[in-house]
Amino acid sequence: QVQLVESGGSLVQAGGSLRLSCAASGSIFSIAIMGWYRQSSGKQRELVAAITSGGSANYADSVKGRFTISRDNAKNTVYLQMNSLKPEDTAVYYCNLRYSFTTTDAWGQGTLVTVSS
């Protein structure tokens with residue numbers, strides 16, 4: 001029922017910036033917890049950032065101070081602003097949606113971010 005469409009992934013130089021977007025449909029977006037995850041080659045998918053319906057955000061230690069998650073409920077969209085990108089940020093980034101009352105997750109298909117050195 002829920003569909004997540006991600007965009008914004010690209011190839012960038014180290015130190016550069018990107019903004020990822022995730023548009024949600026088929027959901028009650030305003031009450032959903034939204035998150036960004038990433039998975040690089042040979043590694044497990046990890047949480048990058050998450051934001052609650054009330055706007056509280058948390059980040060992985062590796063991206064604190066560099067990435068910012070935000071949401072626009074009017075547009076049913078969550079964003080990930082990525083600054084000071086490092087080669088180790090290279091990964092497929094996935095958008096995630098869930099509600100507090102269920103363990104079921106909805107995932108986007110992913111968008112590739114490649115940071116060159």
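Start at 1 with the first residue, then count along the sequence.
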Report task. Only counting residues at least two apart or in another chain, list the ones meeting side chain to side chain donor-acceptor pair (under 3.5 Å) with Q13. Result -> S116

**Report entry** Same apolar cluster: I33 and Y79, side chain cutoff 4.5 Å
**Finding:** no

N/O donor to acceptor pairs below 3.5 angstrom from side-chain atoms of residues 67-75, sequence neighbours left out:
from : atom 1 : to  : atom 2 : distance (Å)
R71  : NE     : N73 : OD1    : 3.0
R71  : NH1    : A32 : O      : 2.8
R71  : NH1    : I51 : O      : 3.4
R71  : NH1    : T52 : O      : 2.9
R71  : NH2    : F29 : O      : 2.6
R71  : NH2    : A32 : O      : 3.0
D72  : OD1    : A74 : N      : 3.1
D72  : OD1    : K75 : N      : 3.4

Report task. Hey, could you give me each pair passing salt bridge (Lys or Arg N to Asp or Glu O under 4.0 Å) that has a residue in residues 48-64? Not counting sequence neighbours. Result -> D61-K64

**Report entry** Distance (rounded to the nearest 0.5 Å) between S40 OG and E88 CD
**Finding:** 10.0 Å

Report task. Go through the structure and list residues passing side chain to side chain donor-acceptor pair (under 3.5 Å) with K43, not counting sequence neighbours. Result -> none

Requested in this report: To the nearest 0.5 angstrom, please state how far the CE atom of M34 sits from the OG1 atom of T77.
Outcome: 8.5 Å

Query raised in the report: At their closest point, which heavy atom of V115 faces which heavy atom of T90, and how far apart are they?
Result: N-OG1, 2.9 Å

Report task. Decide whether L112 and V48 are clustered together by the hydrophobic rule: side chain heavy atoms of Ile, Leu, Val, Met, Phe, Trp, Tyr closer than 4.5 Å, transitively. Result -> no

Query raised in the report: Are the side chains of L80 and V78 in touch, meaning some heavy atoms are under 4.5 Å apart?
Result: no

Which pairs would a plain distance check flag for residues 4-11, meaning a side-chain donor or acceptor within less than 3.5 Å of a matching protein atom at least two apart in sequence or in another chain?
from : atom 1 : to   : atom 2 : distance (Å)
E6   : OE1    : Q109 : N      : 3.4
E6   : OE1    : G110 : N      : 2.3
E6   : OE2    : C95  : N      : 2.3

Report task. Output every pair passing ring-ring contact (aromatic ring centres under 6.0 Å, His included) with a member in residues 86-117, not counting sequence neighbours, ordered by first then second residue. Result -> Y37-W107, Y99-F101

**Report entry** Considering all heavy atoms, the nearest P87-A14 contact
**Finding:** CD-CB, 4.1 Å

Query raised in the report: Looking at residues at least two apart in the chain, or sitting in another chain, which of them share a side chain to side chain donor-acceptor pair (under 3.5 Å) with D89?
Result: R38, R66

Run the side-chain donor-acceptor check on residues 16-23: report pairs under 3.5 Å with partners two or more places apart or on a different chain.
from : atom 1 : to  : atom 2 : distance (Å)
S17  : OG     : N83 : OD1    : 2.9

Query raised in the report: If you look only at pairs with a residue in residues 39-71, which of them pass as a disulfide (SG to SG under 2.5 Å), with sequence neighbours excluded?
Result: none

